[in-house]
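Working notes, structure below.
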Amino acid sequence: MKQTVIELLINEAIKARKMAYAPYSGYLVGTALVVPSGKIYTGCNVENASFGLTCCAERTAIFKAVSAGQRHVDAIAITGGKVEDGDMDNITDFAYPCGACRQVLSEFLPESCDMDVIVARSTTDYKILRLSELIPYTFDL
Ligand code: THU
């Protein structure tokens, strides 16, 4: 994955995190994924007073992409954490995708058969993981 694409995805995820609707947990998550054409889709978490209805940022982005006709995702960047000292840009956590989101992502692998999952605190502080290492055995029908 090109360095420019990695940085673009992280920057888009950081921007998307600012849109998070997380009044109950205070934990803001932003994501940005790229499809083979190079188009980027972003997402944030959307909470609800009925807590179980909350949608994670990863699923927001993937549902946007799939509902626009996309079926393959090359990479997704994830940024998440509570707002520290009122500074939205100070992201101290590495936010790994939850199990449900790993399973959902696993249905939209690229031709190369694995997806890069970038967990980032900033454009210079990130890890690149493979979806297959995060969820080696997916549920399938
Ligand atoms: N959350 C995500 O957006 N993605 C994950 O993979 C795990 C958790 C959100 C859901 C909830 O709004 C907040 O983080 C705290 O759980």
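For reference, positions follow the sequence shown, starting with 1. Remember, it's 1-based here, ligands and their atoms both numbered in the order they're listed. We use all heavy atoms of the structure for the numbers below, so side chains are in, but hydrogens, waters and symmetry mates are not.
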Item to check | Sidechain N-carboxylate O distance under 4.0 Å for E133, R130 | outcome: no
Item to check | Pairing of K18 and D89 as salt bridge, 4.0 angstrom limit | outcome: yes
Checklist outcome for this item: Contacts of F51 meeting ring pair (Phe, Tyr, Trp, His ring centres under 6.0 Å) (sequence neighbours excluded), chain-then-number -> Y24
Checklist entry - Will you find, in the side chains of S132 and D114, an N or O donor that is under 3.5 Å from an N or O acceptor? => result yes
Give a table of atom pairs where an N or O of ligand 1 lies under 3.5 Å from a protein N or O.
{"unit_1": "ligand 1", "atom_1": "3 (O)", "unit_2": "A57", "atom_2": "N", "d": "2.9"}
{"unit_1": "ligand 1", "atom_1": "4 (N)", "unit_2": "E58", "atom_2": "OE1", "d": "2.8"}
{"unit_1": "ligand 1", "atom_1": "6 (O)", "unit_2": "E58", "atom_2": "OE1", "d": "3.3"}
{"unit_1": "ligand 1", "atom_1": "6 (O)", "unit_2": "E58", "atom_2": "OE2", "d": "3.0"}
{"unit_1": "ligand 1", "atom_1": "6 (O)", "unit_2": "C98", "atom_2": "N", "d": "2.8"}
{"unit_1": "ligand 1", "atom_1": "12 (O)", "unit_2": "N45", "atom_2": "ND2", "d": "2.9"}
{"unit_1": "ligand 1", "atom_1": "12 (O)", "unit_2": "E47", "atom_2": "OE2", "d": "2.5"}

Checklist entry - Applying the side-chain hydrogen bond (donor to acceptor under 3.5 Å, both in side chains) test to Y41, which of E12, Q70, K64 qualifies? => result Q70
Next on the checklist: I want to check something: taking the side chain as every heavy atom from C-beta on, are T123 and N11 in contact at a cut-off of under 4.5 Å?
Outcome noted: yes
